[in-house]
Amino acid sequence: MNDYESLNEPQREGVFTTEGAVLLLAGAGSGKTRVITYRIAHLIKDENVQPWNILAITFTNKAAGEMKERIEGILGQDSLGIWVSTFHSLCVRILRKFAPRLGYDENFTIYDADDQKTLMRNLIKRNELDPKMFREKGVLGEISHAKDELISSVDYARNAAGDPYKTVVGRLYREYQGELQKNNAFDFDDLIVKTVNLLSTDPEVKAYYNDRFHYIMVDEYQDTNTAQFELVRLLTGERKNLCVVGDDDQSIYKFRGANIYNILNFEKFFPEAKVIKLEENYRSTGNILAAANAVIKNNRGRKEKALWTQKEAGDSIILKVVDSAPEEAEYIVNEVRKAYKRGEPFGSQAILYRTNAQSRLLEERFVAAGIPYKIVGGVNFYSRKEIKDVLAYLKTIDNGQDDLSVMRIINVPKRGIGATSLGKVADYAQRGDISLYEGLCDAERIGSLGAAAKKINGFVNFISVARARAKTMSIAQLIRWIVEETGYLEELKKEDKEEDTDRVENVEEFINKAADYDENAEDPTLSGFLQEVMLVADIDSLEDDKDYVVLMTLHGAKGLEFPRVFLAGMEDGLFPSFMSITSDNSQEELEEERRLCYVGITRAMNNLVITSARSRLVRGELQYSRLSRFVEEIPNELFGGDNPGNTGGRRRTEGRSASEVLGGRGFGSGQNSYGGDGSYGGASSGRSLSSIAGKVTKRPVSSITMKASSPAKNIGSAGGNGGLGYEIGDRVRHMKFGQGTVKNIVSGGRDYEVTVDFDTAGIKKMFAGFAKLEKI
DNA sequence: GCCGCCAGTATTTTT
DNA sequence: TACTGGCGGC
């Protein structure tokens with residue numbers, strides 16, 4: 001911890017101002033993670049704060065994991081006991097302990113979006129409502145927004161008086177909550193809301209956590225909603241040692257209830273709050289930063305600030321406008337390859353887009369080119385059918401009150417128990433006010449069931465045997481036993497469709513994840529496993545040390561950085577989205593889109609490539625659009641006029657004829673596949689757009705590999721720096737930043753902080769333990 | 001009770 | 001285009 005000198009003045013202020021409320025306005029790339037980690041280290045090392053008195057809240061598990069690693073890198077064992085977690089996992093942890101005080105069991109189930117839909121669909125049906133009028137998605141959206149604002153079903157119904165639609169939604173809201181409780185389940189929003197309820201109504205619980213957490217930090221504060229703010233406020237208690245870190249310019253989750261006033265009005269809630277601004281950007285070149293500033297300054301509702309950098313202007317920003325989306329994909333893949341040949345690893349390049357659907361064409365091209373890539377987002381691993389099936393078995397075993405899960409698996413694989421029999425049991429259960437599973441246990445007593453009762457008994461017996469086994473087996477063993485004993489795996493294997501082979505692989509992958517949990521969790525339990533798994537986002541699987549091009553949405557890219565960034569699909573109607581342009585409060589929504597654009601631009605360290613297609617297929621229809629208005633906001637001089645392949649400064653190029661566009665010609669020659677299987681072949685010249693698009697049939701499952709075990713912790717703590725394998729002056733290679741020269745090695749607690757001057761990425765400081773530098 | 005076909009709908013972003 | 005739910009035939 002001899003490294004405080006490397007901090008700039010405001011950063012230092014952020015580290016040392018530990019008492020009271022602090023609002024850290026941290027611009028993109030201004031080193032906020034560094035401030036948070038150093039701050040925590042300072043609290044523990046210099047202020048003698050116990051690690052378990054510190055709580056740090058992040059948005060993704062990945063961010064939490066990284067922060068933990070970095071703190072551990074500085075403090076080693078001394079960091080044990082710090083709570084670093086996401087809002088949702090924090091709440092799960094609290095509820096696991098105190099859920100009974102709310103009338104739930106500790107082994108509650110968490111319902112994801114799919115489960116919510118199923119439940120709501122049932123309710124709409126039961127109420128005999130017109131499903132056209134009341135769509136489950138719309139109703140759930142209303143409920144979710146209410147929960148974000150801590151509006152209970154009672155309050156909602158009261159506010160709805162006079163509005164017929166809202167009155168019905170209010171009723172559905174109430175019934176929905178009733179069902180959740182009956183099933184001993186929480187949805188995502190409930191995790192927060194119920195924890196807030198608990199803390200605000202139970203002084204004992206509140207005192208317990210106030211006593212526990214003396215210092216609280218919240219990252220990405222601009223994306224918190226009202227309920228999350230209230231949660232933080234309650235946890236903070238009288239000490240008021242709360243440090244929030246955020247950037248109003250990067251607030252991009254309003255659609256999910258993020259309340260920008262949490263940041264804009266922080267000083268109203270905490271009048272004595274100290275406001276610190278981090279405005280020096282260490283990430284991007286001058287040109288990139290200038291572009292970002294030029295775009296964001298068009299927003300009105302923001303705190304004034306000016307991000308600056310000491311870096312040079314760097315390369316020009318490249319703008320490439322092509323005729324069609326397939327050409328865009330081809331161009332990007334080509335540029336990726338060229339950059340790779342110039343020495344930029346694949347892992348240093350990322351492609352960002354507005355919607356997940358855009359990944360398809362890109363993926364197709366990457367496969368054809370034989371370039372390693374990874375798509376983040378889209379369908380979550382845990383929401384695949386086969387995984388959800390297995391999960392439903394586990395949930396049924398763990399929490400018999402979860403009717404939804406029982407319903408899902410009772411006839412999977414086929415047991416000959418159909419809708420009619422199930423309906424009879426459901427009626428019986430409802431009359432007796434018992435769970436569906438308890439109803440099934442009574443099958444013999446339901447006369448009308450006839451032969452079906454035997455089949456149902458078979459299922460009930462299976463579950464009770466499974467419950468007994470769950471007590472002795474590891475979770476991985478239990479899953480394997482389930483999929484074999486029920487014949488589920490057999491059924492998947494029997495089908496020889498490609499799709500099903502993937503499914504079998506996914507189930508195997510799931511078993512691996514369970515095994516990993518069995519090994520690494522502090523106190524592995526089935527409930528714990530299920531709850532953890534339900535909160536995993538796709539981004540969490542991103543591994544820094546793999547050399548692949550990353551493809552993801554702009555939302556997914558928040559908090560990440562890459563030496564080379566492609567912003568794809570920069571077209572009005574796509575980005576900014578059609579919805580935002582045509583919406584009633586278009587002004588506000590466009591500002592949110594603009595912030596998203598700002599986030600995208602500021603992910604880039606050295607090179608930014610913006611692409612736009614004059615036409616693309618949207619839902620099977622060819623759609624024409626003009627260059628995104630955001631690109632128009634970037635000053636001309638930041639674009640290079642002589643970039644190879646650039647449109648050459650002709651930015652406002654409109655009016656190509658439709659026939660020219662429809663020709664779908666590739667722009668180059670010699671685009672032959674590059675180590676791929678050749679099935680997609682070479683240039684697109686001559687092929688019609690539809691035939692190219694028609695090629696996409698199935699997406700390969702982007703593999704999510706698990707690390708065998710421990711994330712390299714104590715490397716090189718031998719003596720001297722003998723364990724590192726390199727010293728000052730040596731040339732080294734980093735998976736993401738490429739080659740560079742070691743400039744300095746400083747011992748920092750258990751690990752070494754190594755300074756490397758990378759040829760393309762510039763000077764970086766990193767902990768040897770997880771930088772995994774290789775001498776060359 | 002099961003399977004397959006048809007029609008309607010959706011795509012903005014996700015912990 | 002692609003997914004889902006509903007419906008009818010076996």
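Protein chains get the first letters and strands the later ones, always in sequence-line order, with residue 1 at the start of each.
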A.B. asks: Out of dA2(C), dG6(C), dT15(B), which has the shortest distance to the side chain of Arg360(A)?
C.D. replies: dA2(C)
A.B. asks: What nucleotide, of dT15(B), dT12(B), dC2(B), holds the atom closest to the side chain of Arg354(A)?
C.D. replies: dT12(B)
A.B. asks: What's the verdict on salt bridge (charged side-chain N to carboxylate O under 4.0 Å, His left out) for Arg233(A) and Glu230(A), showing C-alpha distance, side-chain angles and the deciding distance?
C.D. replies: CA-CA 5 Å; Arg233(A) 201 184 61 79; Glu230(A) 188 59 16; 2.7 Å; yes
A.B. asks: Using the side-chain heavy atoms of Arg135(A), tell me which of these nucleotides is nearest: dA10(B), dT15(B), dT11(B).
C.D. replies: dA10(B)
A.B. asks: Give one of base, sugar-phosphate or nothing for Ser421(A), where a contact means two heavy atoms less than 4.0 Å apart.
C.D. replies: sugar-phosphate
A.B. asks: Classify the nucleic acid contact of Asn411(A) as base, sugar-phosphate or nothing, counting any heavy atom under 4.0 Å across all strands shown.
C.D. replies: sugar-phosphate
A.B. asks: When the distance from CZ of Phe578(A) to C1' of dT12(B) is rounded to whole Å, what number comes out?
C.D. replies: 13 Å
A.B. asks: Base, sugar-phosphate, or nothing: which does Lys455(A) touch, judged by heavy atoms less than 4.0 Å apart?
C.D. replies: nothing
A.B. asks: Nearest-Å distance, CZ (Arg594(A)) to C1' (dT12(B))?
C.D. replies: 17 Å
A.B. asks: Side-chain N or O of Asn356(A) less than 4.0 angstrom from OP1 or OP2 on dT12(B)?
C.D. replies: no
A.B. asks: So with a 6.0 Å cut-off around NZ of Lys117(A), is the heavy-atom count from everything else above 12?
C.D. replies: no
A.B. asks: Considering every strand and a 4.0 Å limit on heavy-atom distances, what is the contact class for Lys558(A): base, sugar-phosphate, or nothing?
C.D. replies: nothing
A.B. asks: At under 4.0 Å between heavy atoms, what does Arg595(A) touch on the DNA or RNA strands: base, sugar-phosphate, or nothing?
C.D. replies: nothing
A.B. asks: Under 4.0 Å between a Lys/Arg side-chain N and an Asp/Glu carboxylate O for Asp247(A) and Lys32(A)?
C.D. replies: no
A.B. asks: Which nucleotide in the list dG6(C), dT14(B), dA10(B) gets nearest to the side chain of Arg619(A)?
C.D. replies: dA10(B)
A.B. asks: From the set dT13(B), dT9(B), dT15(B), return the single nucleotide nearest to any side-chain atom of Thr60(A).
C.D. replies: dT15(B)
A.B. asks: How close or far is atom P of dT9(B) from atom CD of Glu136(A), stated in whole angstroms?
C.D. replies: 13 Å
A.B. asks: State whether the aromatic ring of Phe255(A) stacks on the base of dT13(B), taking stacking to mean ring centres under 5.5 Å apart and ring planes under 30° to each other.
C.D. replies: yes
A.B. asks: Where the side chain of Thr553(A) is defined as all heavy atoms beyond and including C-beta, which of dT15(B), dC3(B), dT13(B) is the nearest nucleotide?
C.D. replies: dT13(B)
A.B. asks: Decide yes or no on salt bridge (charged side-chain N to carboxylate O under 4.0 Å, His left out) for Arg629(A) and Glu633(A), but give the supporting numbers first.
C.D. replies: CA-CA 7 Å; Arg629(A) 62 189 70 190; Glu633(A) 289 166 4; over 6 Å; no
A.B. asks: Examine dC3(C): is either OP1 or OP2 under 4.0 Å from a nitrogen or oxygen in the side chain of Lys385(A)? Give yes or no.
C.D. replies: no
A.B. asks: Does the distance from a Lys or Arg side-chain N to an Asp or Glu carboxylate O, for Asp115(A) and Lys395(A), drop under 4.0 Å?
C.D. replies: yes
A.B. asks: How would you list all residue pairs meeting salt bridge (Lys or Arg N to Asp or Glu O under 4.0 Å) that involve residues 580-593 of chain A, not counting sequence neighbours?
C.D. replies: Lys254(A)-Glu588(A), Arg354(A)-Glu593(A), Glu592(A)-Arg595(A)
A.B. asks: Which is more 5' along DNA chain B, the nucleotide nearest Glu593(A) or the one nearest Ala452(A)? Just name the residue.
C.D. replies: Ala452(A)
A.B. asks: Of the candidate nucleotides dT15(B), dG1(B), dA10(B), which contains the atom at the shortest distance from the side chain of Thr420(A)?
C.D. replies: dG1(B)
A.B. asks: For Gln531(A) and dT15(B), give me the distance from atom CD to atom C1', rounded to whole Å.
C.D. replies: 16 Å
A.B. asks: Select base, sugar-phosphate, or nothing to describe what Glu621(A) touches, counting heavy atoms under 4.0 Å on all strands.
C.D. replies: nothing
A.B. asks: Distance check needed: dT12(B) P versus Glu571(A) CD, whole Å only.
C.D. replies: 15 Å
A.B. asks: Where the side chain of Glu589(A) is concerned, which of dT15(B), dG5(C), dT12(B) is the nearest nucleotide?
C.D. replies: dT12(B)
A.B. asks: Assess whether salt bridge (charged side-chain N to carboxylate O under 4.0 Å, His left out) is satisfied between Asp248(A) and Arg302(A), documenting all intermediate values.
C.D. replies: CA-CA 7 Å; Asp248(A) 51 309; Arg302(A) 61 187 287 255; 5.2 Å; no
A.B. asks: If you look at every strand shown and take non-hydrogen atoms under 4.0 Å, does Ala113(A) touch a base, only sugar-phosphate, or nothing?
C.D. replies: nothing
A.B. asks: Leu617(A) has an atom CG; how far is it from atom P of dA10(B), in whole Å?
C.D. replies: 21 Å
A.B. asks: Quote, to the nearest angstrom, the P distance that separates dT13(B) from dT4(C).
C.D. replies: 15 Å
A.B. asks: Using whole Å, what does the distance between atom P of nucleotide dT14(B) and atom CD1 of Ile375(A) come to?
C.D. replies: 13 Å
A.B. asks: Heavy-atom nearest nucleotide on DNA chain B for Asn61(A) versus Ala419(A): which residue maps closer to 5'?
C.D. replies: Ala419(A)
A.B. asks: Which whole-number value in Å describes the distance from Ile417(A) CD1 to dC2(B) P?
C.D. replies: 9 Å
